[in-house]
Amino acid sequence: MGTSLRALRALVLLAGFYLLALVVLGVFVGVDVAAWMRAPAVAAIKITAVTVVLGLPVLKGVFALGASKGGEEHGLPVTEGRQPELWRAVRSLAERSGTRAPDEIVLTGDVNAAVSEDTRMLGLLPGRRRLYLGVPLLTGLTEPQLHAVVAHELGHYGNADTRVAGITRRGRDAVQRTVEAFQEREQRAVEDERSRQERAAAKRLRKGKKPRKVNTGGAGFGYRMTAKPFQAYARFYLRATHSVGRQQELAADLLAVRVAGRDATASALRATAALDAAHDHYMERYATLGVPAGVLPPHGEVFGGLRHLLADPHRQADLAELRGELPPDELSPYDSHPPVAERVRLIEELPDDGMAAAPARPALELLRDPERVLVELEGAVLTPEALALERVEWPELTHRAVHTLVQKAAQPLRSAISEAGLAAGLAADDLNALLDAADAGRLWQVAGHLPKSPEAAQATGRAAREFLRPALEAGVTRLAELALVERAGARWELSWSAPARLVLPGAGDVDVADALAAAVRSAVADLPDTLPLRTLLTD
Amino acid sequence: MRIFPILVLAAMLFFWLRNRRRAAKLAREAAVAGADLLPPERQNTDRAAADPEADAMNAALAQGTWEPAARALAAAGTDWERRSCLVGAAAARAVEDDTWLQAWRAAHPDDPDAAVIHATAKVWVAWEIRGGRWAEDTTAEQFAGFHRVLREAREDFERAASLARPEDPTPYLLQIPLYMGLGAPHDALHELWAEVTSRAPYHYEAHWRALNYWYAKWHGSEELSRDFAARAAATAPPGSLLTMFPLLNWYETHDDKAPAEAYGWPEVTALVDAALADVAAARPDHPRLAEVRHLLAYFLTKAGRHEAALIQFRLVDGHVGAVPWSHYKNPAKVFCAYRDKALKGALGAGRS
């Protein structure tokens, strides 16, 4: 297909969307007119109100009303005055990409870079441009790699690319925005209906009546129905423009290669995939580990702590492996991106451009006063609840967080011990009571109070015991860990390369896990021997 | 002409009455001829044949006393058929409650009998955890427990084998269900099988367990299980009862879908006749003789060879804990139904 043909098709597709919107709105107007002519005034008012409510999302999609509000991501806007070097780099990249520089740069907390534009007039006129840059991306990429990523994003809007792609992209944005507006409203309607019904149920309960079941099936029905033709059109549109979307991605890659170099572009794609995995792991196992215990790392470390993980030698080896083998992405019909592995292959097949990836400084150094930026970013993206949490240093956070998790994990066994009438108070006392029961041959009587799956509940004899053994073993291990904390002042130690380990004071770097596991196993064996565990706890 | 319908009616009435009289007579005769046969409620569903020694052992085990089990195993000595039978019976008790076994092992930590019973019971506990459902209806918890306990059992069997007499096949042949559960590859099973057959080339239970592994529903195929059973039957000396396995394989593979007349087909008849000759040649105290007679009785009844079937039925009557009856919800009722069919068939055949 030639450029003009593609341009025509893109315009027809976009026009189709507006035609559809007009038809839907026309039907609403027709219904209203008929209602005012035929129906009594009260009914006509009601019908008009309904059509207006349902028609709003359509108008919103067409004229992009409030789109900039809905599409905005949480982030920290940085001005040119505050971050001159970053702005200089972005401006230079825009210039070399042959496109207009963004009007705003917003730093975010995820492994992503994106450009958005508030288009006007049926999505055909350009609007305000925003560049979103994930701080984790700045943390994990080198400067040339970041150049490649930003150049790719700017390339999507580049005049040097094709105007057609721009129209297609704008069209896709408009269609998607409409569908999303409907979904948002439908969800809100369902939630409103739920809370209304829950309030009613609570009221009935207060009056001593049986509450009705909450049923939100009817709410949002109108939105769902009106959204249907737009969803269908969105599917059609996305499929029809899919190949264009792919070409657009590849074209943006080529632009990035031209601006930042082949090697930097390919390595940026590889590094981003690995960084994504590392960041997920970091957020789950480090940054938010203390949330159940009510603690966060020190100010600036929620996003800044990723640097410690990336600097760890063990992790670096893992990351190098991840960069080496790219996962084959599954293709979704809605995804305009070709698989990363394919993009990397295509880029690496290009001839050498002499811009070999020389050792370069981390992209984070583009920022002036990065520590302050990291602190401010927390204020911009964390929820008020998260911001209200206590801040503690990493070692303290690790101990308190794991301690809380272990307490929670030990709870089923402690409940079982108390249900068996052996409750004692402290974890060490609970454990002693359990070990005494084991010595008296009553271990499985206590274990019988642990929560059971239906299969476990049906089992008899030794099979029933074996169903419970994993939970019992885990529970005793957790309980013993708590006892070691209580009695011996053991602490969980932070490690940037592995999960936290329980370490006894004065024992140096010795991990108690192996000795503990062996002692627990013999304590819950068919012929229980509680001595090793008792010794371990008293030594 | 008007009389014609009346004649037809009269003829119908005559034949109906005659059939009824004959059926009643046959039932009376059957009641006389089968006076020695037991009703369903008096059939023992736990065993294929009477075994007072095993009964005594079980009674003692139920009391928590392990010494009679040790004595029975000592008496069995190198009768490997009897040994695996007794080990199986004791292990079945230990699946429910193994307090006595713990006491036995505490008193004699290096006892080879207790060790092999312990290992065998462990495998059966694992199967109990897994349950008998298809893989998709088995939960992750069940599979995790199944595999964990099987891995433990592997160590227990290593110990049992190291304690056993070098010529004892028991700790090897009872490992076959373990290999089946862990999905051991064919090569591994061949290795284990060599350990078994070098010690006992024609062991009945070993072949039974190996045949299970070779079924298409486990780790083999229709072809592999058929060949395995055929080879065993062809190479074994008469009286070793391995002719049971082609028959058993045919039953497990075809019984559900085969037409009734399939039981009279020449290839099935040949399998049945080979098993009949084997049974006749077997030593009378072979622990598995009754099992073969049960399946033979079923095949002979299905083939309409009622007199031959009745002979087998009479030899095993009173105990129904065997294939095919054990596959049904009420084994005693099914056994008696087939037995009575054979009895009436035999009487009817005698008159005509």
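Sequence lines set the chain letters: A, B, ... in the order given, protein chains first and strands last, and positions in each chain run from 1.
- There is no contact between B:A126 and chain A, counting heavy-atom distances below 4.5 Å.
- Shown here is B:E41, whose CD atom has more than 12 heavy atoms of other residues, nucleotides or ligands within 6.0 Å.
- In this structure, CZ on A:R469 lies 6.0 Å from CD on B:E152, to the nearest 0.5 angstrom.
- The OG1 atom of B:T139 lies 4.0 Å from the CD atom of A:E455; values are rounded to the nearest 0.5 Å.
- Remark: A:Q458 CD is loosely packed, at most 12 non-hydrogen atoms of other residues, nucleotides or ligands lying under 6.0 Å away.
- With a threshold of 4.5 angstrom between heavy atoms, B:V149 approaches chain A through side-chain atoms but not through N, CA, C or O.
- In the displayed structure, B:E195 atom CD is contacted under 6.0 Å by more than 12 heavy atoms of other residues, nucleotides or ligands.
- Counting heavy atoms of neighbouring residues, nucleotides and ligands inside a 6.0 Å radius, atom NZ of A:K452 exceeds 12 of them.
- Comparing B:K122, B:Q142, B:R148 by how many heavy-atom pairs each has under 4.5 Å with chain A, the most go to B:R148.
- Each of B:D98, B:D97, B:V95 has some count of heavy-atom pairs under 4.5 Å with chain A, and the biggest count is that of B:D98.
- Summarising the local packing, CG of B:D137 is surrounded by more than 12 heavy atoms from other residues, nucleotides or ligands at distances under 6.0 Å.
- With a threshold of 4.5 angstrom between heavy atoms, B:A144 does not approach chain A through any atom at all.
- Contacts of residues 99-117 of chain B with chain A at a heavy-atom distance below 4.5 Å involve B:Q102, listed in sequence order.
- No more than 12 heavy atoms of other residues, nucleotides or ligands lie within 6.0 Å of NE2 in A:H314, so this atom counts as exposed by the packing criterion.
- Contacts from residues 426-441 of chain A to chain B, taken as heavy-atom pairs separated by less than 4.5 Å, involve no residues at all.
- Under a 4.0 Å N-O distance rule, the pair A:R462/B:E128 does not qualify as a salt bridge.
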